[in-house]
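For reference, the structure discussed in these notes is given below.
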Amino acid sequence: METDRLESAGGIVPSAVRRRAGWIAVAVIAIVLIADQAIKIWVKTHFYLGEDYEIFPWFHLKFIENNGMAFGLQLWNKLLLTFGRIIAVGILCWCLVKIVHRFELRTGFIVAVAMITAGAAGNIFDCVFYGEIFNNPAPPQIATLLPVGGGYADWFEGRVVDMFYFPLFDFYWPDWVPFLGGDYFEFFAYIFNLADASICVGVALLIIFYSKDFSLALNSERKKAAKSDRRD
């Protein structure tokens with residue numbers, strides 16, 4: 001039996017290639033989600049809030065929590081943000097299903113979208129479940145998974161766990177610098193998690209390596225629309 005094939009502008013593309021791309025996307029999402037949650041649960045149950053463990057001078061594990069978006073940004077109402085994340089992940093999953101079958105889009109493009117989807121979904125788990133399944137004792141006590149007295153917040157109101165901290169360098173601005181003189185500056189001051197990193201890497205891949213894929217897909221849609229109009 002011949003392999004099913006999809007017609008493309010440059011010839012034919014085996015549908016098996018598209019199926020393989022789909023499974024790669026599923027694998028990427030599963031790996032990111034499992035690794036992200038494993039790291040977060042380990043940090044949550046082994047570090048007290050605010051604990052800073054130096055691995056290298058430029059790389060620390062520092063346990064913090066936040067109510068907001070990636071890298072600890074604080075935006076919008078908590079419930080609104082959580083449901084907004086869920087809607088965004090639903091849209092990303094729908095887009096991912098659609099693009100897997102597009103011959104114009106390379107596998108790397110699909111992997112990048114899968115990384116963004118996985119990263120967005122990873123932080124949803126924290127928001128939806130962590131308030132119910134963890135307590136939140138004052139430092140230096142460490143949180144307990146499934147505590148007897150219940151969690152620290154209701155469903156959908158949990159806080160996101162962050163831990164990766166890269167204080168690459170810091171300095172004080174010279175006094176003669178306008179507006180900043182004498183102020184302390186640290187690069188990179190943000191603390192983030194694997195889900196955040198997955199989103200950023202996925203976006204970077206799309207911008208640097210796969211920006212042309214968007215144009216190819218759009219041109220294909222225009223050609224299809226033009227053919228449909230001529231038939232009508």
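For reference, positions follow the sequence shown, starting with 1.
The nearest pair of heavy atoms linking Ala114 to Val28 is CB-CG1, 4.1 Å. In this structure, Ala112 and Leu206 approach most closely via the heavy-atom pair CB-CD2, 3.6 Å. Glu186 and Pro167 make their closest contact through OE2-CB, 3.7 Å (heavy atoms, listed as atom of the first residue, atom of the second, distance). Looking at every heavy atom in both residues, Phe56 comes nearest to His60 through O-CD2, 3.4 Å. A pairwise comparison of heavy atoms in Asn123 and Ala195 identifies OD1-CB, 3.7 Å as the closest pair. Closest heavy-atom contact between Tyr48 and Gln141: CB-O, 3.3 Å.
One hydrophobic cluster, built from ILVMFWY side chains closer than 4.5 Å, cannot hold both Ile34 and Met115; they sit in different ones. Hydrophobic clustering (ILVMFWY, side-chain heavy atoms < 4.5 Å, transitive): Leu145 and Ile39 are in one cluster. Hydrophobic clustering, with ILVMFWY side chains joined whenever heavy atoms are under 4.5 angstrom apart, groups Phe166 together with Ile55. Linking Ile, Leu, Val, Met, Phe, Trp and Tyr residues whenever their side-chain heavy atoms come within less than 4.5 Å leaves Ile87 and Ile199 in two separate clusters. By the rule that hydrophobic residues join a cluster once side-chain heavy atoms approach within less than 4.5 Å of another member, Val203 and Leu96 end up as members of one cluster.
Asn66 places a side-chain heavy atom less than 4.5 Å from the side chain of Asp162. Two residues are said to be in side-chain contact when any heavy atoms from C-beta on lie closer than 4.5 Å; Val160 and Arg85 meet this criterion. Side-chain atoms of Leu61 and Phe47, non-hydrogen and from C-beta on, do get closer than 4.5 Å to each other. In this structure, the side chains of Phe187 and Leu168 come closer than 4.5 Å at one or more pairs of heavy atoms.
Side-chain rings of Trp58 and Phe169 stay apart, their centers remaining 6.0 Å or farther from each other.
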Query - Verdict with reasoning, Val100 to Arg20, per side-chain contact (heavy atoms from CB on, under 4.5 Å) - result: CA-CA 9 Å; Val100 162; Arg20 184 167 67 248; over 6 Å; no

Report task. Determine, step by step, whether Phe63 and Met163 satisfy the side-chain contact (heavy atoms from CB on, under 4.5 Å) criterion, reporting the C-alpha distance in whole Å, the side-chain angles of both residues, the deciding distance to 0.1 Å, and the verdict. Result -> CA-CA 5 Å; Phe63 172 33; Met163 74 295 294; 5.5 Å; no

Report task. Kindly determine whether Phe109 and Ile99 satisfy side-chain contact (heavy atoms from CB on, under 4.5 Å), including the steps that lead there. Result -> CA-CA 9 Å; Phe109 181 96; Ile99 67 175; 3.8 Å; yes

Report task. Take Val89 and Ile124 through the test side-chain contact (heavy atoms from CB on, under 4.5 Å) and record every step on the way to the result. Result -> CA-CA 9 Å; Val89 170; Ile124 286 176; 3.4 Å; yes

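Applying the side chain to side chain donor-acceptor pair (under 3.5 Å) test to every pair with at least one member in residues 23-37, sequence neighbours left out, gives these pairs: Asp36-Lys40, Gln37-Asp126, Gln37-Tyr130.
The aromatic rings of Phe83 and Phe156 sit parallel, their planes meeting at an angle under 30°, below the 60° perpendicular limit. Ring planes of Phe171 and Trp173: perpendicular class, angle over 60° (limits at 30 and 60°). The aromatic rings of Phe192 and Phe188 lie perpendicular to each other, with more than 60° between the two planes, well past the 30° mark. Aromatic ring orientation, Phe59 versus Phe164: tilted (interplanar angle from 30° to 60°).
Distance CD1/Ile191 to CD/Glu65: 12.0 Å, rounded to 0.5 Å. The distance from the SG atom of Cys127 to the CD1 atom of Ile86 is 8.5 Å, given to the nearest 0.5 Å. Separating the CD1 atom in Ile91 from the OG1 atom in Thr117 is a distance of 11.0 Å, to the nearest 0.5 Å. Here CZ of Arg159 is found 7.5 Å from CG of Leu49. Values are rounded to the nearest 0.5 Å. Taking CD1 of Ile31 as the start and CG of Leu194 as the end, the distance is 11.0 Å to the nearest 0.5 Å. Taking SG of Cys95 as the reference point, atom CD1 of Ile116 lies at 10.5 Å (rounded to 0.5 Å).
Note that Lys44 lies in the cation-pi zone of Phe134, set by a 6.0 Å cut-off to the ring centre and a 45° limit from the axis.
The backbone N or O of Gly151 lies less than 3.5 Å from no partner atom in the side chain of Asn135, so there is not a single donor-acceptor pair. Between the side chain of Asp154 and the main chain of Glu157, no donor-acceptor pair closer than 3.5 Å is present.
Other residues, nucleotides and ligands contribute only 12 or fewer heavy atoms inside 6.0 Å of the CZ atom of Phe209.
Looking at Tyr184 and Asp170, their side chains do bring a donor and an acceptor atom within 3.5 Å of each other.
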